[in-house]
*Asks:* 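Take a look at the following structure, please.
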Number of protein chains: 2
Amino acid sequence: MSLRNAVMAALLDGESSGYDLAKAFDAAVANFWICTPQQLYRELDRMETDGLITARTVEQERRPNKRLFSLTSLGREELTRFTAAQHKPTAIRDELLVAVLAADSGDVEAVKASIRERRQWAEAKISRYERLRAKLLDGMDEEEFLATAERVGPYLTLLRGLSFERDNVRWCARSLTVLERRGARLDAST
Amino acid sequence: MSLRNAVMAALLDGESSGYDLAKAFDAAVANFWICTPQQLYRELDRMETDGLITARTVEQERRPNKRLFSLTSLGREELTRFTAAQHKPTAIRDELLVAVLAADSGDVEAVKASIRERRQWAEAKISRYERLRAKLLDGMDEEEFLATAERVGPYLTLLRGLSFERDNVRWCARSLTVLERRGARLDAST
DNA sequence: CTCACATACTCAACTTGTTGACTAGGTCGA
DNA sequence: TCGACCTAGTCAACAAGTTGAGTATGTGAG
């Protein structure tokens with residue numbers, strides 16, 4: 001029920017097509033809400049019939065037509081209601097951690113490879129987030145930005161994503177060290 | 001498809017009833033895989049028909065009978081195959097972050113209250129994790145434990161949970177500061 | 001000139017996850 | 001002895017998320 005709210009929050013930045021929303025989700029919101037394009041399109045349809053958003057079709061010459069969605073006042077109300085509601089604690093589902101939990105009686109080398117891959121992925125995310133941050137700050141330092149910006153929400157959620165990925169990198173490094181030392185010890189004892 | 005694997009990983013510790021698994025999930029695995037008891041029971045049934053686990057019924061005098069599940073060799077194989085497979089990057093879904101994203105045009109006071117609540121929740125998780133950690137270490141220091149323990153997987157995933165929640169607490173504190181300063185500024189300017 | 005990739009979606013089938021209620025006894029404290 | 005909570009589940013209905021394919025056009029690189 002909360003993809004709706006994520007979409008509405010994303011539409012606070014102004015009207016957007018489903019396609020652009022999907023990209024925006026991938027860039028900035030993916031850190032705390034992921035979804036496939038299919039989910040988005042389906043949800044946008046429902047939200048339109050529920051009156052939370054309106055669409056206007058823009059005809060384009062050399063591209064398929066697109067529908068630009070924007071928040072209605074009902075949508076804004078709903079979103080405000082949502083911000084005032086209680087929020088369930090995070091739901092994480094991380095296959096890599098399941099694999100690490102079972103690593104001791106599984107394929108340790110493969111798990112180590114997965115951890116290395118994850119670390120690289122996290123590093124790539126960090127640089128994307130840093131670029132986004134620089135763009136938000138637009139030359140200002142953090143203090144100045146926080147004092148003058150219209151919205152601080154996007155910045156705060158970005159910070160969360162950044163520190164999550166940094167934490168990921170640290171944990172990957174630590175786990176690799178542990179698993180490697182362990183491998184060396186087990187080799188020595190045979 | 002991966003709740004199965006989480007269940008199998010949990011069964012590496014020995015046979016367990018659905019009820020106990022639900023509790024174990026809540027305590028140690030919830031950090032990277034959450035599910036409701038209903039999901040567990042349904043999945044356990046399926047896993048049994050698929051031959052990944054076997055059940056034996058234990059009759060109890062003063063309590064309802066229970067079924068103890070344990071891994072079959074097919075289950076072990078499956079689990080090893082899983083550890084060797086590729087793992088999709090994390091899927092997080094956090095309503096609180098959606099609310100923070102929309103906070104600027106929503107009910108800021110309520111969002112602040114939610115952040116405070118989340119911080120408390122995270123702190124409670126941290127102490128539970130610390131207790132679990134002390135229990136795993138069993139008087140040893142970390143080096144000694146990592147050198148002698150049969151399994152390090154559970155310890156590594158626990159570390160991830162711990163640092164995730166510590167990061168949460170830090171982010172909550174930072175966000176509250178930002179939102180409070182902002183509130184003060186806005187009040188002053190009206 | 002072809003191939004990959006971007007725009008901008010739609011449809012269908014399927015698997016997972018969530019919610020709420022129900023059964024049925026036992027223990028423990030006020 | 002009443003109510004609250006623990007053990008140990010089951011059932012049904014629904015909501016949400018995933019996967020894979022299909023449509024149709026345009027741009028840019030090699």
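Lettering follows sequence order; numbering is per chain, from 1. Because the structure is a prediction, the values reported are computed rather than measured.
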*Asks:* Taking A/Arg151 for its side chain and B/Leu101 for its backbone only, find out whether a donor-acceptor pair lies under 3.5 Å.
*Replies:* yes

*Asks:* Which atom pairs, donor and acceptor, lie under 3.5 Å between side-chain atoms of residues 23-39 of chain B and protein residues at least two apart or in another chain?
*Replies:*
residue	atom	partner	partner atom	Å
B/Asn31	ND2	B/Thr157	O	3.2
B/Thr36	OG1	B/Gln39	N	3.4
B/Gln39	OE1	B/Thr36	N	3.4

*Asks:* Using whole Å, report how far CD of B/Gln60 lies from C1' of C/dT27.
*Replies:* 15 Å

*Asks:* Look for any protein N or O under 3.5 Å of an N or O in nucleotides 26-28 of chain D and output each such pair with its distance, or none.
*Replies:*
none

*Asks:* May I ask you to list the residues of residues 32-53 of chain B, by number, that have any heavy atom positioned under 4.0 Å from an atom of DNA chain D?
*Replies:* B/Gln38, B/Tyr41

*Asks:* Where does the angle between the aromatic ring planes of A/Phe164 and B/Phe164 fall among parallel (under 30°), tilted (30 to 60°) and perpendicular (over 60°)?
*Replies:* perpendicular

*Asks:* Between CD of B/Glu150 and CG of A/Asp104, what distance do you get to the nearest 0.5 Å?
*Replies:* 9.0 Å

*Asks:* Can you check the A/Leu3 CG to C/dT18 P distance for me, whole Å?
*Replies:* 15 Å

*Asks:* Students often get this wrong, so: under 4.0 angstrom with heavy atoms, is B/Arg93 touching a base, only sugar-phosphate, or nothing?
*Replies:* sugar-phosphate

*Asks:* With heavy-atom distances below 4.5 Å as the criterion, would you say the side chains of A/Arg4 and A/Leu52 are in contact?
*Replies:* yes

*Asks:* Any side-chain heavy-atom pair from A/Glu117 and B/Gln86 closer than 4.5 angstrom?
*Replies:* yes

*Asks:* With the side chain counted from C-beta on, respond yes when B/Ser70 and B/Leu11 share a heavy-atom pair under 4.5 Å apart, and no when they do not.
*Replies:* no

*Asks:* Can you check whether A/Ser17 has a side-chain N or O nearer than 4.0 Å to OP1 or OP2 of C/dC9?
*Replies:* yes

*Asks:* When the distance from CZ of A/Arg56 to P of C/dA8 is rounded to whole Å, what number comes out?
*Replies:* 13 Å

*Asks:* Can you tell me if CZ on A/Arg76 sees more than 12 non-hydrogen neighbours from other groups inside 6.0 Å?
*Replies:* no

*Asks:* Measuring to OP1 and OP2 of D/dT7, would you say a side-chain N or O of B/Tyr19 lies under 4.0 angstrom away?
*Replies:* yes

*Asks:* Any side-chain N or O of A/Lys88 under 4.0 Å from OP1/OP2 of C/dT18?
*Replies:* no

*Asks:* Check this for me, if you would: do A/Lys112 and A/Asp107 make a salt bridge, where the nitrogen-to-carboxylate-oxygen distance has to be below 4.0 angstrom?
*Replies:* no

*Asks:* Could you check how far CZ of B/Arg4 sits from P of C/dG17, rounded to whole Å?
*Replies:* 12 Å

*Asks:* Would you kindly compare A/Ser2 and B/Lys23 by the position of their nearest DNA chain D nucleotide and give the one closer to the 5′ end?
*Replies:* B/Lys23

*Asks:* Out of C/dA8, D/dA8, C/dT7, which nucleotide sits closest to the side chain of B/Lys66?
*Replies:* D/dA8

